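Everything numeric here is computed off the predicted structure, so don't read it as measured data. Read the numbers this way: they start at 1 and go in the same order the structure lists the ligands and their atoms. Excluded from the calculations below are hydrogen atoms, water molecules and symmetry mates; all remaining heavy atoms, backbone and side chain alike, are included.
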Amino acid sequence: MSTVPVIAIDGPSASGKGTVAQRVAQALGFHYLDSGALYRIVALAAKRAGISWQDEAALADLVSTLDIRFEHGEIYVNGEQVSDAVRSEEMSRGASEVAVHPKVRQALLEVQRAFRKAPGLVADGRDMGSVVFPDAQIKVFLTARSHVRAERRYKQLMEKGIHANLAQILADIEARDARDMQRSAAPLQQCSDATLLDTSDMTIAQAVDGVLALYRRHSRGISK
Ligand code: CDP
């Protein structure tokens, strides 16, 4: 087992995990893993290769052909920048469809664990604390009420100038939550050893401070 500290932040879509995780990583000088981006990349690469999101074996084989790099906030796959392409609503759905397959999850396991490097890692996703880094020093389950999450996603899209429909976003979020929670392979769930952080009535800064406080308390505990 590695001694490099991991802060695992899991939770449903649009809960603010990504923003919170990145800011925590920045504050501590840790590396950051956006595990959802990996599932998005598989969905995009499959679409381009003409592989169905239901074809588990072909999807798992595809993973080994992908050279994935996160550099300066951008995502590169086999040398091509795909940061915006993987963020589309189509790839949000595709990611949650390819993510149900155990072989795809297995193929991505080592890719994810390779991010655990000194001085530490903040990893965000659905199964960071339960499957990928079960020995993580800190496990947080970050969530918010679905209406709040839909409004946040709506605002984000409007700010980018993308036309959006709030009712449709809420329906998509609830469908994705259901798929993520009901699948048999690594379903989205709060681990018994994770701390619940409901950000419905919190600012991003308050959520970041909440995670940093947990980490500091943990670090003080081990230095005693
Ligand atoms: O940003 P958002 O929360 O909407 O999605 P994401 O974190 O980019 O993840 C996209 C999809 O990938 C999720 O709906 C999950 O189905 C899947 N996923 C997963 O199964 N396991 C992870 N560790 C991360 C994402």
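Not a single heavy atom of Gly18 lies less than 4.0 angstrom from ligand 1. Residue contact annotation: Arg179 has no non-hydrogen atom under 4.0 Å from ligand 1. Ligand 1 has at least one atom lying under 4.0 Å from a heavy atom of Arg105.
Shortest contact from atom 11 (C) of ligand 1 to any protein heavy atom: Ala95 CB, 3.6 Å.
With salt bridges taken as basic N to acidic carboxylate O contacts below 4.0 Å, one links Arg149 and Asp177.
At a heavy-atom distance under 4.0 Å, only side-chain atoms of Arg183, from C-beta outward, approach ligand 1. By the criterion of a heavy-atom distance under 4.0 Å, the side chain of Arg153, and not its backbone, is placed next to ligand 1. Only the side chain of Arg40 comes within 4.0 Å of ligand 1, judged by heavy-atom distances. Neither the backbone nor the side chain of Ser15 has a heavy atom within less than 4.0 Å of ligand 1.
For ligand 1, none of its N or O atoms has an N or O atom of Tyr39 under 3.5 Å away. Residue-to-ligand polar distances place Asp180 within reach of ligand 1: an N/O pair is separated by less than 3.5 Å.
Residues satisfying the side chain to side chain donor-acceptor pair (under 3.5 Å) test with Thr199, not counting sequence neighbours, are Arg152.
Between the Arg116 side chain and the Val4 main chain, a donor and an acceptor come within less than 3.5 Å of each other.
Inspection of the Tyr32 and Asp124 side chains reveals an N or O donor paired with an N or O acceptor under 3.5 Å.
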